Amino acid sequence: YQTLISYFDDIIDNNFKFDSKITLFDYQKDALNSAIVKLNRYNGAILGDVVGLGKTIIAVGILKVLKYKSIIIAPPAVHKQWIKTLEDFNIDKSFYDIFTYDKLPKENESQIIIIDESHKLKNDKSTRYSKIEELCKTPFRKKVLLLSATLQNNTPADIANQIYLFQDKNNSNLPHITSLEKFFNPLITLFKAMKKEEDKTIVTTTIKNISTDIKNSVLKPLLIRRTR
């Protein structure tokens, strides 16, 4: 199956059969399939389903299919949920480790890193971000799966910094974008300028245009998002 993923990642079906206690809904199978394609093509994917649609189940399903050694980074409050889901999918404990944002391993040989509530990594100047970025990129680049229903909290930089965890900011392989930094920097500058703009109509229109540009140019190939 992994060979099929590598060579025919556009046409994998969603007839996943798991030796597990969990049965996936069709929309979860679709999301799982789409995420695997994106992980292999772009080295990362963003699972942005709204709360309650089973992002944790989909993420663990991905681990079940790929059979990758993984590190899961999540807030302490949801660790029990992650462990239960991993156990329900019969994933061997040797294939995963769970950490919090502020307690990370110094070294790792994982193949994929899953980051729950990735919007918490909006500040690339923080120690937390630096340590997780290092984890994602050394001693080799890992595949990264981001889970968040609210990617942008304040500025376009929130989204950029999350994507930089798995995409090279100056050598991207996203369609039509070689430099993510050159794409994002003018939008971040324009967004900041709107804080001083007094005309609310201009502010609303500009922010809408920025969001549309990011959605169409960057998020479209990376994001899996379903609403109720």
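This one's a predicted model, so the numbers in the text were calculated from it and none came from an experiment.
Annotation: ring-ring contact (aromatic ring centres under 6.0 Å, His included) contacts of Phe95 (sequence neighbours excluded): none. Under the salt bridge (Lys or Arg N to Asp or Glu O under 4.0 Å) criterion, Lys69 pairs with no residue, sequence neighbours left out. Annotation: side chain to side chain donor-acceptor pair (under 3.5 Å) contacts of Asp168 (sequence neighbours excluded): none. In terms of the side chain to side chain donor-acceptor pair (under 3.5 Å) criterion, residue partners of Ser94 (sequence neighbours excluded) are, by chain and number, Asp92. Looking at residues two or more places apart in sequence or on another chain, you find no side chain to side chain donor-acceptor pair (under 3.5 Å) involving Ser34. In terms of the side chain to side chain donor-acceptor pair (under 3.5 Å) criterion, Lys169 has no residue partners (sequence neighbours excluded).
The two atoms that bring Tyr101 and Ile115 nearest to each other are OH-CG2, 3.8 Å, heavy atoms only. Residue Lys120 comes nearest to Pro75 through the heavy atom pair CE-CG, 4.0 Å, listed as atom of the first residue, atom of the second, then distance. A pairwise comparison of heavy atoms in Gly48 and Lys55 identifies C-CD, 4.5 Å as the closest pair. Heavy-atom minimum distance, Leu47 versus Ala31: CD1-CB, 4.5 Å. Of all non-hydrogen atoms in Pro139 and Asn108, the two that sit nearest each other are CD-O, 3.5 Å. Asn173 and Arg41 make their closest contact through ND2-O, 2.8 Å (heavy atoms, listed as atom of the first residue, atom of the second, distance).
Rounded to the nearest 0.5 angstrom, Ile132 CD1 and Leu121 CG are separated by 4.5 Å. Atom CD1 in Ile46 sits 13.0 Å away from atom NE2 in His119 (nearest 0.5 Å). Distance check: Leu180 CG to Ser172 OG gives 4.0 Å after rounding to the nearest 0.5 Å. Taking NZ of Lys143 as the reference point, atom CD1 of Ile113 lies at 12.5 Å (rounded to 0.5 Å). If you take OG1 on Thr56 and CD1 on Ile83, they are separated by 12.0 Å, rounding to the nearest 0.5 Å. For the atom pair CG (Leu32) and CD (Gln28), the distance works out to 9.0 Å, reported to the nearest 0.5 Å.
Sorted by first then second residue, the side chain to side chain donor-acceptor pair (under 3.5 Å) pairs that include residues 181-200, not counting sequence neighbours, number zero. Under the side chain to side chain donor-acceptor pair (under 3.5 Å) criterion, the residue pairs touching residues 127-138 are Asp102-Arg128, Glu133-Lys137, with sequence neighbours excluded. Within the structure, the salt bridge (charged side-chain N to carboxylate O under 4.0 Å, His left out) test picks out the following pairs touching residues 77-87 (sequence neighbours left out): Lys84-Asp88. The list of ring-ring contact (aromatic ring centres under 6.0 Å, His included) pairs with a residue in residues 22-65, not counting sequence neighbours, reads Phe25-Tyr27.
Using modelled atom types, one side-chain atom of Asn209 and one backbone atom of Thr205 make a donor-acceptor pair closer than 3.5 Å.
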Exercise answer: donor-acceptor pairs, residues 155-164 side-chain atoms, under 3.5 Å, sequence neighbours excluded:
residue: Thr155; atom: OG1; partner: Ala157; partner atom: N; Å: 3.0
residue: Asp158; atom: OD2; partner: Asn153; partner atom: N; Å: 2.8
residue: Asp158; atom: OD2; partner: Asn154; partner atom: N; Å: 2.5
residue: Asp158; atom: OD2; partner: Thr155; partner atom: N; Å: 3.3
residue: Asn161; atom: ND2; partner: Lys122; partner atom: O; Å: 2.6
residue: Asn161; atom: ND2; partner: Ala157; partner atom: O; Å: 3.2
residue: Gln162; atom: OE1; partner: Ser118; partner atom: OG; Å: 2.7
residue: Gln162; atom: NE2; partner: Leu151; partner atom: O; Å: 2.9
residue: Gln162; atom: NE2; partner: Asp158; partner atom: O; Å: 2.9

All N/O donor-acceptor pairs, side-chain side in residues 216-224, below 3.5 Å, sequence neighbours left out:
residue: Asn216; atom: ND2; partner: Thr212; partner atom: O; Å: 3.4
residue: Ser217; atom: OG; partner: Asp213; partner atom: O; Å: 3.1
residue: Ser217; atom: OG; partner: Asp213; partner atom: OD1; Å: 3.1

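Looking at Leu86 and Ile72, their side chains come closer than 4.5 Å, going by heavy atoms from C-beta outward. Side chains of Leu145 and Phe166 form no contact here, defined as non-hydrogen atoms less than 4.5 Å apart. Taking 4.5 Å as the limit, some side-chain heavy atom of Asp116 sits within range of a side-chain heavy atom of Trp82. When side chains are defined from C-beta on, Ser110 does not count as touching Tyr68, because their heavy atoms never get closer than 4.5 Å. No side-chain heavy atom of Pro105 sits under 4.5 Å from any side-chain heavy atom of Asp97. Residues Ile114 and Tyr96 are not in side-chain contact: their nearest non-hydrogen atoms beyond the backbone lie 4.5 Å or more apart.
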* To do: List the steps, then state whether side chain to side chain donor-acceptor pair (under 3.5 Å) holds for Gln167 with Asn43.
  => CA-CA 7 Å; Gln167 277 279 313; Asn43 207 49; over 6 Å; no
* To do: Would you sort out whether Ile62 and Leu39 count as a side-chain contact (heavy atoms from CB on, under 4.5 Å), showing the intermediate values?
  => CA-CA 10 Å; Ile62 291 168; Leu39 284 165; 4.0 Å; yes
* Under the side-chain contact (heavy atoms from CB on, under 4.5 Å) rule, what do Lys142 and Ile112 come out as? Steps first, then yes or no, please. => CA-CA 5 Å; Lys142 324 298 192 304; Ile112 184 170; 5.8 Å; no
* To do: Verify side-chain contact (heavy atoms from CB on, under 4.5 Å) between Leu135 and Ile73, making sure each step is shown before the conclusion.
  => CA-CA 11 Å; Leu135 198 66; Ile73 303 171; 3.9 Å; yes
